[in-house]
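Numbers here are sequence positions counted from 1.
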Amino acid sequence: MWAHRAAQTGYLTAATPADLRDALSAAAAVGDDRIQAETQGQVNRETWTHDSSRQRDHWFSVGYSTGDPNRCDTWKA
């Protein structure tokens, strides 16, 4: 949502497709599932603090494409 609004207001230039790919790649890289799999060799969802790579990708995409905070309520999703 922040990136969406920043582009709308001119604070940042609108993201290119390459920028969006990079952002989604970065979000996936720090997903708790990916970090645990690489560092511990297993995934324990009970210890996650920032959710999975797939979920981070999804919520970034929703926030950027809609800019609507009502669409980004991960507690109700």
Side-chain angles (χ1 to χ4, degrees):
M1 288 183 334
W2 181 88
H4 176 93
R5 183 72 177 144
Q8 275 189 328
T9 61
Y11 183 73
L12 295 177
T13 57
T16 66
D19 293 332
L20 293 175
R21 280 191 305 275
D22 288 347
L24 293 172
S25 177
V30 294
D32 289 334
D33 57 333
R34 185 170 180 182
I35 291 171
Q36 286 182 351
E38 289 180 10
T39 61
Q40 300 170 12
Q42 62 184 4
V43 176
N44 180 0
R45 187 180 179 99
E46 295 298 318
T47 61
W48 290 1
T49 56
H50 295 95
D51 243 325
S52 72
S53 298
R54 185 172 152 253
Q55 289 163 320
R56 293 172 63 81
D57 181 298
H58 171 76
W59 289 114
F60 178 88
S61 297
V62 169
Y64 186 77
S65 65
T66 69
D68 181 0
N70 295 314
R71 299 276 312 272
C72 292
D73 188 345
T74 60
W75 299 108
K76 291 181 181 177

Residue pair [X] / [Y]: nearest heavy atoms and the distance that separates them:
X: Ala28; Y: Ser53; answer: O-OG, 2.6 Å
X: Asp33; Y: Val43; answer: O-CG2, 3.5 Å
X: Ala14; Y: Ala7; answer: CA-CB, 3.8 Å
X: Asp51; Y: Arg56; answer: O-CD, 3.9 Å

Sequence-distant partners of Thr66, side chain to side chain contact (heavy atoms under 4.5 Å, CB included), two or more places apart: Val62, Asp68, Arg71
Shared-cluster residues of Tyr64, by chain and number - hydrophobic side chains joined below 4.5 Å: Leu20, Leu24, Phe60
Output all residues satisfying side-chain hydrogen bond (donor to acceptor under 3.5 Å, both in side chains) with Arg54, sequence neighbours left out; order by chain, then residue number. none
Residues at least two apart in sequence or cross-chain that pass side-chain hydrogen bond (donor to acceptor under 3.5 Å, both in side chains) with Trp48, listed by chain then number, are Gln36
Which residue pairs pass the side chain to side chain donor-acceptor pair (under 3.5 Å) test with at least one member in residues 37-46, sequence neighbours excluded? Arg34-Glu38
Residue pairs passing the side chain to side chain donor-acceptor pair (under 3.5 Å) test where at least one lies in residues 18-32, sequence neighbours excluded: Thr16-Asp19
